[in-house]
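Take a look at the structure set out below.
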Amino acid sequence: MSEKVRTRLEELDDFEEGSQKELLNLTQQDYVNRIEELNQSLKDAWASDQKVKALKIVIQCSKLLSDTSVIQFYPSKFVLITDILDTFGKLVYERIFSMCVDNRSILPDHFSPENVNDTAKETCLNWFFKIASIRELIPRFYVEASILKCNKFLSKTGISECLPRLTCMIRGIGDPLVSVYARAYLCRVGMEVAPQLKESLNKNFFDFLLTFKQIHGDTVQNQLVVQGVELPSYLPLYSPAMDWIFQCISYHAPEVLLTEMMERCKKLGNNALLLNSVMSAFRAEFVATRSMDFIGMIKECDESGFPKHLLFRSLGLNLALADPPESDRLQILNEAWKVITKLKNPQDYINCAEVWVEYTCKHFTKREVNTVLADVIKHMTPDRAFEDSYPQLQSIIKKVIAHFHDFSVLFSVEKFLPFLDMFQKECVRVEVCKHIMEAFIKHQQEPTKDPVILNALLHICKTMHDSVNALTLEDEKRTLAHLINGFIKMVSFGRDFEQQLSFYVESRSMFCNLEPVLVQLIHSVNRLAMETRKVMKGNHSRKTAAFVRACVAYCFITIPSLVGIFTRLNLYLHSGQVALANQCLSQADAFFKAAISLIPEVPKMINIDGKMRPSESFLLEFLCNFFSTLLVVPDHPEHGVLFLVRELLNVIQDYTWEDNSDDKIRIYTCVLHLLSAMSQETYLYHIDKVDSNDSLYGGDSKFLAENNKLCETVMAQILEHLKTLAKDEALKRQSLLGLSFFNSILAHGDLRNNKLNQLSVNLWHLAQRHGCADTRTMVKTLDYIKKRSKQPGMNHLTELALRLPLQTRT
Amino acid sequence: MGTSLDIKIKRANKVYHAGEMLSGVVVISSKDSVQHQGVSLTMEGTVNLQLSAKSVGVFEAFYNSVKPIQILNSTIEMVKPGKFPSGKTEIPFEFPLHVKGNRVLYETYHGVFVNIQYTLRCDMRRSLLAKDLTKTCEFIVHSAPQRGKLTPSPVDFTITPETLQNVKERALLPKFLIRGHLNSTNCTVTQPLTGELVVEHSDAAIRSIELQLVRVETCGCAEGYARDATEIQNIQIADGDVCRGLSVPIHMVFPRLFTCPTLETTNFKVEFEVNVVVLLHADHLITENFPLKLCRT
């Protein structure tokens, strides 16, 4: 056994030394990959039960943390390696935990050491003995810290005894950077395993203060010279670790402790680094109330050490979260900005300014914000420095927008638009415009006609619109159009309709590439026309009539530029209705004719949300809508009777319908309904101040004859179609269609007419002939007829009912 | 292979004291039934002494190894010749840990020239055609806690160029002042060695500070005796140029098996020492030696 242990230990040493050399000549990416490989091989080794190999890998990894040869890489390396250590800690803990599973009972989460069996304890103890014999300090520290949690298996006080010892152990680490990261790791593990043990956290902090002077000692300075690293880039390497330690300490810490810590930091010379961590880690309220103190301390700091812009940035971050005392606010801004504006490097400047904009917006008026924006422009314009800082500039804009919900105030900030001009890269520019428009849509409550807002937003919308090109994605277009529409809807000149229309005209010329915007404009103009009608209570004066015609003309010339066929059809119909309502008869005719002549162009399939769908159902829907409008459209004096209906029927006749579809017949049925309605003495509905055919013809017999002729033609078509359905596979359709035709005749036809009566009886039989009819529907229909026959003047239905037999189930 | 033999000692840490009952089971597992000529269990305890090449010369070291001292040797017959059924058979055993006569049950210790080891050996004798099966298993003996309270014996030390011996040219040494103390040189093997060390001042940068645990083994025989000091382990307590004036903890856990209470018998001695080693840049090596007295409480 002794032999075995000895060779194992020797092996361990070999493994360490051999592979560490390997890592010296690698690039950063290779290094990262290599560490990731090690992480994987750790898991593999563990999975294949090679515990000793796993330990070796972990030791080897943590050994890398004693190497500071590329010092800027140290923080990244720390993260990568502690990740492996965490994996290891977890594996060991879980392994021992699983050994405690006795008789299928699992240990509770808060177990006590008495519940742990001897084998598990022995294994755990073995790990600790093995780790205690690791030769080098840093690996020994890290590996032990990584399995800190395992102390729970051995004794209740294990962790609370271990933490102070490990804390002391760090004192042996000579390099201050290595030691501060070791402290950060210990604090992290400690917080995770035993958050109630605050003592060691504080001890770490105070120990760190004791060794703080080392940073300026010869050993470190020599190292920096060798590596060619300047102090201002070296010191920030401490920040992540220190921030972490400080944060652990200040978490739920009493005010007294924080004050004490701050006092201790104050006492040390050249304490910018400490100050920065205090500001990043302590509660924002704590820092904010002492802002003036902090500014004083920052000013006293040595120029050559920790970069001041980072200090002001940290302070600014606190002030964005918590408010300083009312009386100090302006002075804080002045003092801070005095320093910030002197920063020469545009990157340093913008990183700092970005943070302070939030504070300025929160507590001050547009005047101060304007000054700040002006200052940013001044710093970022030379040498096109803004090109490297788009994210920060964007964030500034976002902060300003977030605080100025009143857009008239926002745009009266003189430097706001010049600030936008700095976004010269198009995609960034459009992003910013989108943010502004989103904010506008969200926060603008009332419609506006403020010329400042309109000008600015038109400019912004134009920018968005102009970014659209052939490569723009559909989604992007939709978003942009949505934003522009939101703006258009919010513009109102009140009673000044002329101005409103000219705004729409201008918008059309600006946004001609976005179809949804044009659609919105057409709707807006139609609405404007109807508003006018409402104001005039239906009686247009010469002036308003001309205005309304202008609106109608606007729509008429805009619609053809759209692409979507149903969009065009519906808009023609809609605009036609508006024209009709405003007594623009010939214009209405023009719309309807345009719609009719467009129907042959409707393709078989249309693209809906990226999928190709048959268009017939849409066409059917549109046509039904169209028919109900046509009822009230008066005939044109120069064209024949029912000119539009005939035109439409021709188009339907010529349209190439799907082979196996009955939609054409459904449409014909609807036409029959229309014609039936048209032959009434007074129509069911009218448009105010428009004489429909009922009053034009006054039930003229010639008109009725024409109407009848049309009916006959259409019915002939329907019957023809029913005949073609007399095939096996189409019988069901024939039955359905026959019944629906029967219903139409029942509802709209005059059944005292013998021919019609006979036809309906035939249809009834047709529907039932092949046993395809639904008996319940037939029964209901018959009941309905019987019921109606009892109403006055409906006697003839009684006779009809007798002629309609019900098919028996056989 | 069909048959396997295993010894399972009851205690997980395998530690026993004189007078205790060593118990456990012998496990025989096999797919088929096993024919055997008897199973016996032997408990052995020996002290192996070896003379180092340094003190007596290579050949003598090789041939003249001192005869091992037997502490324990007893055998019991567990099972009479017969047959084990297929599957797993567990045979429990109990062995009282007693020594005969005036022999002492020393603590288990794994050293270089001195080895104190206790084993259990299980033998299954089989017919001519099948090989005999043997399984050995080490168990660990701890001596009884020593009576009486351990008196702590703290040691303070100061190391400066002036305190050093074996220096060739004292003038070439950089100036330094290192102070420290060990809480006690009388240690319990189960408790770590503790203390503190402060680098008050040093002109040269410090590279490393280490604790070197050393065993000193003495073997006596007719021709005289050999005394050898070898390293057990080296534990670094400071890495790099540590902060001046800040105490660095001295902390070392005594490794199990490789350390035992300090032992002195007529034939051999096992003693321990610790060296505090300070490495300065420019390859200066400063060592301060402290003899330890280990015991078990």
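Each chain gets a letter, A, B and so on, in the order its sequence line appears, and its residues count up from 1.
Heavy-atom minimum distance, B:Val242 versus A:Arg171: CG1-O, 3.9 Å. Nearest heavy atoms, A:Phe129 versus B:Phe254: CE2-O, 3.6 Å. Between B:Ala12 and A:Glu122, the shortest heavy-atom distance links the atoms O-CG, 3.8 Å.
Taking a 6.0 Å sphere around NZ of A:Lys203, one finds it holds more than 12 heavy atoms contributed by other residues, nucleotides or ligands. In the displayed structure, A:Lys51 atom NZ is contacted under 6.0 Å by more than 12 heavy atoms of other residues, nucleotides or ligands. For A:Glu199, the CD atom counts as loosely surrounded, since its 6.0 Å shell holds 12 or fewer non-hydrogen atoms of other residues, nucleotides or ligands.
Interatomic distance, CD1 of B:Ile237 versus CD of A:Glu136, reported as 14.0 Å (0.5 Å rounding). Of the inter-residue distances, the one linking A:Cys168 atom SG with B:Ile250 atom CD1 reads 12.5 Å to the nearest 0.5 angstrom.
With respect to chain B, the highest number of heavy-atom pairs below 4.5 Å among A:Asn126, A:Val178, A:Thr123, A:Asp175 belongs to A:Asn126. Most heavy-atom pairs under 4.5 Å with chain A: of the set B:Gly245, B:Pro192, B:Ser247, this distinction falls to B:Ser247. In terms of non-hydrogen atom pairs under 4.5 Å with chain A, the most contact-rich of B:Met252, B:Arg256, B:Arg244 is B:Arg256. No other option in B:Val248, B:Leu246, B:Val253 has as many heavy-atom pairs under 4.5 Å with chain A as B:Leu246.
Interface remark: A:Asp218 contributes no atoms to any contact with chain B (heavy atom separation under 4.5 Å). For a residue to count as touching a neighbouring chain, one of its non-hydrogen atoms must lie under 4.5 Å from one of that chain's; by this rule B:Ser208 does not touch chain A. In this structure, chain A has no heavy atom under 4.5 Å from any part of B:Arg11. Only the side chain of A:Lys213 comes within contact range of chain B, with at least one heavy atom under 4.5 Å from a heavy atom of that chain.
Between B:Glu231 and A:Arg135 there is no salt bridge, since no side-chain N of the basic residue sits under 4.0 Å from a carboxylate O of the acidic one.
Judged by distance alone, with hydrogens and angles left aside, the side-chain atoms of B:Gln236 form a donor-acceptor pair with the main-chain N or O of A:Leu137 at under 3.5 Å. Side-chain N or O atoms of A:Gln214 include one that pairs as donor or acceptor with a backbone N or O of B:Asp241 at under 3.5 Å. Put simply, the side chain of A:Arg165 never gets that close to the backbone of B:Pro249: no donor and acceptor are under 3.5 Å apart.
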**Report entry** Full working for side chain to side chain contact (heavy atoms under 4.5 Å, CB included) between B:Cys243 and A:Leu210
**Finding:** CA-CA 8 Å; B:Cys243 189; A:Leu210 287 175; 5.9 Å; no
